[in-house]
Amino acid sequence: MAKAVLIIADGMGDRPMKEFGGKTPLEASVKPNLDKFASLSECGLMDSIAPGIRAGSDTSHLAILGYDPYTYYTGRGPFEAAGIGMDVKQGDIAFRCNFSTVDPDMTITDRRAGRIDKGTDQLAAAINGMKIDGVEVIFKESVGHRGALVLRAPGLSSEITDTDPHHEGAKVLESKALCDCDEAAKKTAKAVNEFVAKSYEILKDHPVNKERIAKGLPPANIILPRGGGIGPNMKSFMDNYGLTSACVAETGLINGVAKYVGMDIIDTEGATGGLDSNLMNMAKNIIEALKTHDFVLSNVKGTDIAGHDGFGQGKIDLIAKLDEMMGYIMDNVSEDTFVVLTSDHSTPCDVKDHSGDPVAIAFYGNGVRVDDCTSFDERSTAKGGLGRIRGTDVMNILTQLMNVQEKFGA
Ligand code: ZN
Ligand code: ZN
């Protein structure tokens, strides 16, 4: 049976830059393997959500995997929580959280608790498992000052406001239902407020914090949840496409999306999510994963990081590493493997954030109608045979090429 690998260079799409004589970083890059890949593929442009829509990494990945984010996405919380190994169920309300520092009057003095990097597992253990008015509280630490909270009970809602005011010097906010008519939201907001208050009561005198205070460090004495979303009712990747699947990615958010649809998560040594990441180790893991899975999703994060930093040369350097990674993959995939390369959105270095500009995409494999494109970049692939597609088209195009899609009609 045919296999497939989908490689997403996060935020690689860009706009023409003065620094590169009016070329995009992709256009200005030396990338023999990417160009060879384009010349063997059918190319085009992709709007991950829809033309002009500025996509997040989570919503764009959902769309590219064939799950309409307007149906399934209510916030990044559920995917963030799944990405750190929490078991998020349908109907759970999940939040991203910060360990923060507050004064006794609830004024925030440090939203990241001095970027605490030790002892959060002990703090989390003191919080995890509490019950608030019949609502089960599951809490886990993530990297640095981060964590995730899952609230579990029947009849909860994510239609509530944040408690985190997002800046220092402000007081912790009270979570409220977005609509006064919404009993589920009121119940959830009440649980969140009690969670925040209890987190302060439990953490303020915790030994980890006593030690921090003794060392002159800000105590991580409160937990502030934000970005709450409801665990969506999504079909697994297997149920959708009949394909076994794995994910080779670098960030919790992408692993969380993948885990939520039932993919196996494969960690890569040296995959840092930054510009220094070991993409060759990822390439090797992709090839290994293809031996035991029908479909492998991979996300390379560094291109997005360079975009957010406004670091054009950094993006070019990362593209050179991606080029090497693609060379290895193309040399090692079996003959019946399809390879798709794209980005989840553009992160132009001059914008330092995601934009709604479409991204280059190319499909390679048996039966693909190879076009005349010989360079993998935004303007060259615009002339390709695919034309301009949307994220939710990707899996349809891929599964029909693989001959595994059911017919619509007779
Ligand atoms: Zn992204
Ligand atoms: Zn980004």
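Values reported hereafter were calculated over all heavy atoms of this structure, with side chains retained and with hydrogens, waters and symmetry mates removed.
Classified by interplanar angle (parallel below 30°, tilted 30° to 60°, perpendicular above 60°), the ring pair Phe295/Phe237 is tilted. Ring-plane geometry between Phe195 and Phe139 is classed as tilted, the angle between the planes lying from 30 to 60 degrees on a 0 to 90 degree scale. Note: Tyr260 and Phe79 have perpendicular aromatic rings, judged against thresholds of 30 and 60 degrees for the angle between ring planes.
Just one of Gln313, Lys315, Glu27 meets the side chain to side chain contact (heavy atoms under 4.5 Å, CB included) condition when paired with Phe20; it is Gln313. The salt bridge (Lys or Arg N to Asp or Glu O under 4.0 Å) test with Arg54 is passed by exactly one of Asp353, Asp344, Asp357: Asp353. Put simply, the residue from Ser57, Ser60, Ser355 that forms a side chain to side chain donor-acceptor pair (under 3.5 Å) with His345 is Ser57. Screening Arg96, Lys140, Arg226 for a salt bridge (Lys or Arg N to Asp or Glu O under 4.0 Å) involving Glu80 leaves a single residue, Arg96.
When side chains are defined from C-beta on, Ile160 counts as touching Phe95, because their heavy atoms get closer than 4.5 Å.
For the residue pair Thr268 / Asn281, no side-chain donor-acceptor distance below 3.5 Å is found, with atom types taken as modelled. Side-chain N/O atoms of Thr244 and Asp294 include a donor and acceptor closer than 3.5 Å. No side-chain donor-acceptor contact under 3.5 Å links Lys301 and Thr272. Between the side chains of Asn209 and Asn221, no donor-acceptor pair of N or O atoms lies under 3.5 Å.
The minimum heavy-atom distance between Val359 and Ser343, with the atom names listed, is CG2-O, 3.4 Å. Closest heavy-atom contact between Ala191 and Val135: CB-CG2, 4.3 Å. Closest non-hydrogen pair, Gly231 versus Val88, comes out as CA-CG1, 4.3 Å.
Within 6.0 Å of atom CZ in Arg369, 12 or fewer heavy atoms from other residues, nucleotides or ligands are found, so the atom counts as exposed in its surroundings. Environment of NZ in Lys36: sparse, with no more than 12 heavy atoms of neighbouring residues, nucleotides or ligands closer than 6.0 Å. By the 6.0 Å contact criterion, CG on Asp121 is enclosed, its count of non-hydrogen atoms from other residues, nucleotides or ligands being greater than 12.
Considering only residues two or more places apart in sequence or on other chains, Asp239 meets the salt bridge (charged side-chain N to carboxylate O under 4.0 Å, His left out) condition with none of them. Qualifying salt bridge (charged side-chain N to carboxylate O under 4.0 Å, His left out) partners for Asp47, counting only residues two or more places apart in sequence or in other chains: Arg388.
For the pair Lys284 and Glu288, the salt-bridge criterion is not met [side-chain N within less than 4.0 Å of a carboxylate O].
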Between side-chain atoms of residues 324-335 and protein atoms elsewhere (two or more places apart, or another chain), which donor-acceptor pairs fall under 3.5 Å?
from   : atom 1 : to     : atom 2 : distance (Å)
Asn332 : ND2    : Tyr328 : O      : 2.7
Ser334 : OG     : Asp336 : OD1    : 2.6
Ser334 : OG     : Thr337 : OG1    : 2.8

